[in-house]
Amino acid sequence: MFNSMSGDARLRVFASASSWIEGAAVRQLEQLLARRGVIAVAGMPDLHPGHKGPVGCAVLTEGIVHPDIVGTDIGCGMTAWRLGGELRRLRLDKAERALARLGDRGGLDPDEAVARGITPAAAAAHADALGTVGGGNHFVELQAVHSLVDEAARAAAGLAVGDLTLLVHSGSRGLGPEVLARHPYAHGEGLALDAGGRAYLADHDAAVAFASLNRAVLAERAAALLGLDGAPWLDVPHNHVTMDGDRILHRKGAAQADLGLVPVPGSRGAMTYLVRPDPTIAGALASLAHGAGRKRDRASMRGRRDEKRERPNPVGNRVICADRRLAEEEAPEAYKPIADVVADLEAHGLAHTVAVLKPVVTFKTARA
């Protein structure tokens with residue numbers, strides 16, 4: 001495990017020396033320690049530098065909420081659905097054509113959004129975004145169970161090799177940035193609970209609910225387009241805050257580890273690991289890596305010539321991404337090897353692999 005470069009015992013980084021973690025990311029973690037009210041900081045093996053702070057971390061505070069740690073995509077997370085189908089019966093060309101139509105659907109009617117738990121204000125302004133993927137590393141992916149590792153957990157989850165599932169990664173779309181802009185904060189000082197903090201948290205909670213519904217709508221529509229029965233299975237946020245009294249746990253690109261099984265995806269050309277977390281590991285703040293994590297930033301990937309891009313994805317999945325710039329920024333080589341990230345989680349006792357899921361068709365955008 002890395003030690004804090006500052007020697008501060010409040011900081012723990014759960015990664016090996018081979019985890020491709022930049023010094024800039026660790027320095028950003030250390031800067032979090034200087035913020036008002038911070039008690040402890042944890043970094044995950046997918047840690048990488050972010051625009052205003054590190055991605056792949058959890059931060060515990062007392063009485064102070066820091067909206068900029070969570071950032072603009074409040075409530076972003078992963079939703080998994082079970083599908084009533086098997087890989088051996090899937091017509092791949094038909095499935096690809098079906099998911100390519102996912103971007104053709106509009107949002108929800110505001111009244112329907114309110115009926116499904118969205119606040120009237122959020123529904124009036126943003127219901128048209130419900131059921132949209134967004135950019136960056138967001139996706140909707142048809143997957144199949146590739147291998148089973150933990151027999152007891154497999155039996156409890158009811159999985160079998162070849163079962164089809166959906167994994168959706170998206171967030172609160174335009175609502176999250178609106179919430180962040182609505183609550184001015186001093187960088188490093190944050191908001192005290194009795195001085196604007198609770199107002200932010202109320203809007204934050206509305207954005208988390210919006211993001212969860214957005215993923216659910218995407219999964220519903222994807223299952224319908226594929227012509228398969230579907231049922232919600234897992235919903236794990238990784239950009240949000242939770243509270244215990246006056247203690248506030250911020251997560252930025254760190255999956256909540258006390259909700260049961262957690263999907264940990266790699267790049268668009270890599271497997272997803274389904275893991276059983278241990279939320280009791282000291283210093284980890286009940287958090288887990290949320291994916292592979294970047295090893296190259298988006299700017300450095302633009303226009304990059306790499307012969308690997310002309311080859312099929314390493315695991316053979318179909319990718320729907322008509323936006324050339326997005327395809328460049330999100331190329332598999334921009335990300336850390338997911339197997340290494342999961343190995344770090346297991347080595348530190350944070351999680352145990354239950355199953356490995358193989359991508360079949362990955363949808364990002366059908367529009368240039």
Side-chain angles (χ1 to χ4, degrees), residues 1-6 11-33 35 41-59 66 68-74 76-78 134-139 169-171 236-240 250-257 262-273 275 283-285 287-302 304 306 326 328-345 347-348 350-351 364:
M1 185 191 307
F2 286 168
N3 293 317
S4 163
M5 293 169 63
S6 65
L11 170 60
R12 299 185 70 178
V13 181
F14 294 85
S16 66
S18 60
S19 291
W20 206 303
I21 291 181
E22 298 177 50
V26 178
R27 287 191 291 275
Q28 286 185 331
L29 285 183
E30 293 174 340
Q31 290 165 2
L32 292 175
L33 292 172
R35 291 189 174 212
V41 176
M44 296 296 130
D46 58 339
L47 183 74
H48 57 278
H51 177 55
K52 292 186 177 180
V55 180
C57 71
V59 182
H66 291 275
D68 59 322
I69 292 179
V70 176
T72 57
D73 200 4
I74 302 168
C76 186
M78 306 280 180
N137 59 356
H138 293 170
F139 60 82
H169 176 202
S170 192
V236 185
H238 54 237
N239 276 13
H240 68 144
H250 307 64
R251 293 185 177 92
K252 175 65 172 180
Q256 187 169 341
V262 174
V264 186
S267 71
R268 68 173 188 233
M271 301 292 198
T272 289
Y273 284 72
V275 303
L285 302 179
S287 299
L288 204 67
H290 78 311
R294 298 191 72 96
K295 66 180 181 182
R296 296 189 178 99
D297 64 27
R298 290 182 172 88
S300 70
M301 294 301 297
R302 294 171 197 154
R304 183 185 177 92
D306 193 323
L326 181 61
E328 289 179 344
E329 293 175 349
E330 295 299 314
E333 58 268 27
Y335 287 85
K336 303 178 187 183
I338 187 59
D340 292 351
V341 171
V342 173
D344 274 355
L345 294 177
H348 292 103
L350 270 64
K364 294 187 73 66

Exercise. So, does Ser19 use its side chain to make a donor-acceptor pair with the main chain of Ile21 at under 3.5 Å?
Worked result: no
Exercise. Should Val13 and His348 be marked as a side-chain contact (heavy atoms from CB on, under 4.5 Å) after you check the CA-CA gap, both sets of side-chain angles, and the distance that decides it?
Worked result: CA-CA 10 Å; Val13 181; His348 292 103; over 6 Å; no
For this session: Applying ring-ring contact (aromatic ring centres under 6.0 Å, His included), name anything that partners His48, two or more places apart in sequence or on another chain.
Result: none
Exercise. Counting only N and O atoms by type, is there a donor-acceptor contact under 3.5 Å from the side chain of Asp344 to the main-chain atoms of Ser16?
Worked result: yes
Exercise. If you round to the nearest 0.5 Å, how far is CD1 of Ile69 from NZ of Lys252?
Worked result: 10.5 Å
Problem set entry | side-chain contact (heavy atoms from CB on, under 4.5 Å) assessment of Arg251 paired with His290 | CA-CA 10 Å; Arg251 293 185 177 92; His290 78 311; over 6 Å; no
Exercise. Is the NZ or CZ atom of Lys295 positioned over Trp20's six-membered ring, under 6.0 angstrom from the centre and within 45° of the axis?
Worked result: yes
For this session: Indicate the atoms forming the closest heavy-atom contact of Phe14 with Ala42, along with that distance.
Result: CE1-CB, 4.4 Å
For this session: Kindly say whether Gly71 contributes a backbone atom to a donor-acceptor pair with the side chain of Lys52 at under 3.5 angstrom?
Result: no
Problem set entry | Gap between atom OG of Ser170 and atom CG of Asp73 - 0.5 Å precision | 7.0 Å
Exercise. Step by step, would you call Glu328 with Arg298 a side-chain contact (heavy atoms from CB on, under 4.5 Å)?
Worked result: CA-CA 8 Å; Glu328 289 179 344; Arg298 290 182 172 88; over 6 Å; no
For this session: Under the side-chain contact (heavy atoms from CB on, under 4.5 Å) rule, collect the residues that match up with Ala347, sequence neighbours excluded.
Result: none
Exercise. Given side chains that start at C-beta, do those of Met301 and Glu333 come closer than 4.5 Å, heavy atoms only?
Worked result: yes
Exercise. Counting distance only, does the side-chain N/O of Asn239 pair as donor-acceptor with the main-chain N or O of Ile74 below 3.5 Å?
Worked result: no
Exercise. Nearest heavy-atom pair of Ser287 and Leu350: which atoms, and what distance?
Worked result: O-CD2, 4.0 Å
Exercise. Thr272: what forms a side-chain contact (heavy atoms from CB on, under 4.5 Å) with it, not counting sequence neighbours?
Worked result: Glu141, Gln143, Leu167, Pro263, Pro265, Leu357
For this session: Could you pull out all residues at least two apart from His169 that satisfy ring-ring contact (aromatic ring centres under 6.0 Å, His included)?
Result: His138, Phe139, His238
Seminar exercise, completed: For Asp68, the salt bridge (charged side-chain N to carboxylate O under 4.0 Å, His left out) test, sequence neighbours excluded, returns Arg35
Exercise. So Arg296 and Glu329, salt bridge (Lys or Arg N to Asp or Glu O under 4.0 Å) or not? Walk me through it.
Worked result: CA-CA 9 Å; Arg296 296 189 178 99; Glu329 293 175 349; over 6 Å; no
For this session: With sequence neighbours excluded, tell me which residues meet ring-ring contact (aromatic ring centres under 6.0 Å, His included) with Tyr273.
Result: none
Exercise. Closest approach of Ala270 and Ile338, non-hydrogen atoms and distance?
Worked result: CB-CG2, 4.1 Å
Seminar exercise, completed: By side-chain contact (heavy atoms from CB on, under 4.5 Å), Pro54 pairs with (sequence neighbours left out) Gln28, Leu29, Leu32, Leu47, Cys57
Problem set entry | Close side-chain approach of Leu326 to Lys364, heavy-atom, < 4.5 Å | yes
Exercise. Does Ala289 have any side-chain contact (heavy atoms from CB on, under 4.5 Å) partners at least two apart in sequence or in another chain, and if so, which?
Worked result: Met44, Pro45, Asp46, Val341, Leu345
